[in-house]
Amino acid sequence: MTNPIYVALDTPDLSRAQAMARTVAPHVGGFKLGLEFFMAQGPAGVRAMADLGRPIFLDVKLHDIPNTVAGALRSLAPLDLAIVNVHAAGGRAMMEAARAAVRPETRVIAVTVLTSLDESDLRDCGVADVPAGQVARLAALTRAAGLDGVVCSAHEVGALHAAWADGLFVVPGIRPAGSEIGDQKRVMTPRQALD
């Protein structure tokens, strides 16, 4: 089995990202580059990270009208990404456009409910459900749209995997026991998440 661990290189600094990547490369399956990195370094930075020999997950969480998302993803095609993501809340047509816009080998996943949100935050956004309910609903929509999987917290991944056995589940909000959780609300330890 391929190593399922992608390390988040959450820095806008290319040299720092490369140094971190070289340190962890023997132990991980790939690198996750976020929006902050992409805005600072652009496609050239992504290429420089790919040169280190691990697959790249570009975590840009696109959410716009279908044509705009499709166009953005076509613009990213030369980067030969392993994984890229959109927001499931963008709707089925947007997700279908995203799937159609990328190379067949690029896996497209959809963010369900950010791990920085809890039930109170969802209510503030007009969602009258607990995170697990909203995640399940958006995951079903994502699957129906033909995407490869979802981003969800470790709290929901077990139930989603039972319903979508061949789905790809990206699980952020992973923190070692006793560490700072920052702006995350729905977190687990690495061992809990893998279990």
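Because the structure is a prediction, the values reported are computed rather than measured.
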Inset, instruction - Might you confirm whether atom CD of Glu105 has over 12 heavy atoms from other residues, nucleotides or ligands at distances under 6.0 Å? - result: yes

Inset, instruction - Count the heavy atoms of every other residue, nucleotide or ligand shown that sit under 6.0 Å from CZ of Arg103, and state whether that count exceeds 12. - result: yes

Given side chains that start at C-beta, do those of [X] and [Y] come closer than 4.5 Å, heavy atoms only?
| X | Y | answer |
| --- | --- | --- |
| Leu114 | Lys61 | yes |
| Asn85 | Val151 | yes |
| Arg107 | Leu147 | no |
| Arg99 | Asp148 | yes |
| Val84 | Phe57 | no |
| Val111 | Val86 | no |
| Glu119 | Pro131 | yes |

Inset, instruction - Using distance alone, with no hydrogens and no angle criterion, decide if Gln18 and Ser15 have a side-chain donor and acceptor under 3.5 Å apart. - result: no

Inset, instruction - Show your reasoning for whether side chain to side chain contact (heavy atoms under 4.5 Å, CB included) applies to Asp10 and Lys32. - result: CA-CA 8 Å; Asp10 292 331; Lys32 192 239 2 155; 2.9 Å; yes

Legend entry - Electrostatic pair Asp121-Arg123, nearest N-O below 4.0 angstrom: no

May I ask whether [X] and [Y] are part of the same hydrophobic cluster, defined by side-chain heavy atoms of I, L, V, M, F, W, Y residues being less than 4.5 angstrom apart, directly or through others?
| X | Y | result |
| --- | --- | --- |
| Leu52 | Val7 | yes |
| Val130 | Leu138 | no |
| Met95 | Ile65 | no |

Out of curiosity, [X] [atom1] to [Y] [atom2], how far, rounded to the nearest 0.5 Å?
| X | Y | atom1 | atom2 | answer |
| --- | --- | --- | --- | --- |
| Ile83 | Asp59 | CD1 | CG | 10.0 Å |
| Phe169 | Ile109 | CZ | CD1 | 10.5 Å |
| Gln41 | Thr11 | CD | OG1 | 8.5 Å |
| Leu81 | Leu33 | CG | CG | 9.0 Å |
| Phe31 | Met20 | CZ | CE | 10.0 Å |
| Thr142 | Arg137 | OG1 | CZ | 12.5 Å |

Legend entry - Thr106 side chain to Val102 backbone, donor-acceptor under 3.5 Å: no

Inset, instruction - Ignoring hydrogens and angles, tell me if any N or O in the side chain of Arg143 forms a donor-acceptor pair with the backbone of Ala163 under 3.5 Å. - result: yes

Looking only at heavy atoms, which two atoms of [X] and [Y] are closest? And how far apart?
| X | Y | result |
| --- | --- | --- |
| Pro12 | Glu36 | CD-OE2, 3.4 Å |
| Arg54 | Gly29 | CD-O, 3.8 Å |
| Ala98 | Val69 | CB-CG1, 4.0 Å |
| Leu73 | Ala101 | CB-CB, 4.1 Å |
| Pro43 | Leu79 | O-CD2, 3.7 Å |
| Tyr6 | Ile56 | CE2-C, 4.4 Å |

Inset, instruction - Tell me, with the steps shown, if Asp64 and Met94 meet side chain to side chain contact (heavy atoms under 4.5 Å, CB included). - result: CA-CA 8 Å; Asp64 210 316; Met94 185 205 74; 5.6 Å; no

Legend entry - Criterion side chain to side chain contact (heavy atoms under 4.5 Å, CB included) on Met49 and Leu9, from CA distance to verdict: CA-CA 10 Å; Met49 295 305 297; Leu9 302 174; 3.4 Å; yes

Inset, instruction - Might you work through the side chain to side chain contact (heavy atoms under 4.5 Å, CB included) test for Val170 and Val150, ending with a clear yes or no? - result: CA-CA 6 Å; Val170 173; Val150 295; over 6 Å; no

Inset, instruction - Hey, can you tell me if His87 and His63 have their rings parallel, tilted or perpendicular (30° and 60° cut-offs)? - result: tilted

